[in-house]
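Just below is one structure, and these are the notes that go with it.
Start at 1 and go down the list; that is how both ligands and their atoms are numbered.
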Amino acid sequence: MRIVFLGPPGAGKGTQAKMLARRRNLAHLSTGDMLRAAVAGKTVVGLVAQGYMERGALVPDDVVLGVIEEHLADGKAAGGFVLDGFPRTLAQATRLDEMLVSRGAPIDRVLLIDCPMEEVVRRLSGRRSCRKCGAVYHIETMPSKKDGVCDRCGGELYVRDDDREDVIKRRFEAYNRSTLPLIEYYEKKGILIRIDGTAPPDAVATAVEKAVAG
Ligand code: ADP
Ligand code: AMP
């Protein structure tokens with residue numbers, strides 16, 4: 001099974017992608033996580049990506065495509081995967097199609113997690129991420145058991161640099177400008193399913209499960 005999660009920053013893509021990947025034993029491929037790891041590791045990709053990410057802009061297509069191609073070629077994704085935060089531009093989507101079609105393994109479903117701007121800002125302002133394992137919490141809706149400590153690995157929870165209100169606004173603008181056209185692109189292929197992302201996480205997960213099973 002090959003699934004893409006689409007939706008604005010903060011809609012809950014990562015939360016749902018991780019849950020689905022765990023339930024179905026699929027690889028979870030988040031370009032945001034990959035790029036943050038590259039920045040933390042001060043790799044060549046990380047040094048290029050850092051400035052774009054800090055100001056809420058998209059990282060250039062060739063850089064992101066290089067990163068994702070590496071992970072798709074990895075045997076861990078061979079049994080199926082959940083893409084989270086990729087593709088984000090038409091150029092990325094068409095390149096992804098080329099890569100997958102050449103392997104005879106196209107995308108099965110694209111799940112659009114719908115969420116309005118006001119709710120996205122509220123979610124991202126309260127998001128806490130684990131520095132060690134990448135688990136995601138929310139101070140009000142999905143708090144960790146112990147303040148500032150990850151339930152899963154005991155790692156430190158932190159506020160992402162790009163989860164500040166001015167940067168959130170720019171990320172939302174980048175979504176509207178570059179990623180919205182993908183809705184029509186996947187609708188035309190007949191593989192897009194819209195999911196109400198404003199519901200509680202478990203209700204969204206039920207809708208996700210129904211969408212991938214149907
Ligand atoms: P994305 O990957 O789309 O940027 P995340 O999955 O990281 O979004 O979620 C953004 C924030 O919203 C996190 O703090 C997460 O805990 C919280 N969140 C995710 N889904 C829901 C939901 N259905 N209801 C309320 N809060 C949610
Ligand atoms: P995310 O973790 O998905 O919210 O992504 C965080 C940041 O990483 C984004 O604001 C972009 O700067 C960058 N990024 C992640 N995925 C992509 C992508 N597919 N294309 C371009 N930039 C990306």
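- Thr141 OG1, 3.1 Å is the protein heavy atom nearest to atom 26 (N) of ligand 1.
- For atom 14 (O) of ligand 1, the nearest protein heavy atom (residue, atom name, distance) is Tyr137 O, 2.8 Å.
- Checking only distances, Gly12 does come within under 3.5 Å of ligand 1, N or O to N or O.
- Cation-pi contact between Arg177 and Tyr175: absent, since separation from the ring centre below 6.0 Å together with deviation from the ring axis within 45° is not met.
- Between Arg127 and ligand 1, at least one N/O pair is under 3.5 Å apart.
- With a 4.0 Å heavy-atom cut-off, ligand 1 is reached by the backbone of Thr15 and by its side chain too.
- Residues Arg131 and Arg36 have side chains not in contact (no heavy-atom distance under 4.5 Å, counting atoms from C-beta outward).
- Across the listed options Pro143, Ala199, Gly14, Gly197, Gly14 owns the non-hydrogen atom lying nearest to atom 2 (O) of ligand 1.
- The existence of a salt bridge linking Glu184 and Lys188 is confirmed by a sub-4.0 Å separation between a basic side-chain nitrogen and an acidic carboxylate oxygen.
- Using a 4.0 angstrom heavy-atom cutoff, Pro200 counts as in contact with ligand 1.
- Partner of Asp84 under the side chain to side chain donor-acceptor pair (under 3.5 Å) criterion, out of His28, Lys13, Lys18, Gln16: His28 alone.
- Between Glu69 and Met99, the shortest heavy-atom distance links the atoms CG-SD, 3.0 Å.
- Val204 and Ile3 fall within the same hydrophobic cluster, defined by Ile, Leu, Val, Met, Phe, Trp and Tyr side-chain heavy atoms under 4.5 Å apart, directly or through other members.
- Given atom 10 (C) of ligand 1, the protein heavy atom at minimum distance is Gly10 O, 3.7 Å.
- Protein heavy atom in closest approach to atom 24 (N) of ligand 1: Arg123 NH2, 3.3 Å.
- With a heavy-atom cut-off of 4.0 Å, Met142 touches ligand 1 through its side chain alone.
- Transitive grouping of hydrophobic side chains (ILVMFWY, heavy atoms separated by less than 4.5 Å) keeps Val136 and Leu157 in distinct clusters.
- For ligand 2, the protein residues placed under 4.0 Å by at least one non-hydrogen atom are Thr31, Gly32, Leu35, Arg36, Met53, Ala57, Leu58, Val59, Val64, Gly85, Phe86, Arg88, Gln92, Arg160, Asp162, Arg171.
- Using a 4.0 Å cut-off between charged side-chain N and carboxylate O, Arg170 and Glu54 make no salt bridge.
- In this structure, Ile113 is not a member of the same hydrophobic cluster as Ile107, with clusters built from ILVMFWY side-chain heavy atoms closer than 4.5 Å.
- Connection of Ile191 to Phe81 is established within a shared hydrophobic cluster, with ILVMFWY side chains joined at heavy-atom distances below 4.5 Å, either directly or through further cluster members.
- When hydrophobic clusters are built by joining Ile, Leu, Val, Met, Phe, Trp and Tyr residues whose side-chain heavy atoms come closer than 4.5 Å, directly or via intermediates, Leu6 is not grouped with Ile195.
- Neither the backbone nor the side chain of Ala203 comes within contact range of ligand 1; no heavy atom lies under 4.0 Å.
- Looking at ligand 1, you'll find an N or O of Ala11 within less than 3.5 Å of one of its N or O atoms.
- Geometrically, ligand 1 and Asp84 share no nitrogen or oxygen pair separated by less than 3.5 Å.
- Side chain of Asp108 to main chain of Arg2: a donor-acceptor pair is present (N/O by atom type, distance under 3.5 Å, no hydrogens or angles).
- Nearest heavy atom pair, residue Pro9 against residue Val120, reads O-CG1, 2.8 Å.
- Protein heavy atom in closest approach to atom 13 (C) of ligand 1: Val136 CG1, 3.5 Å.
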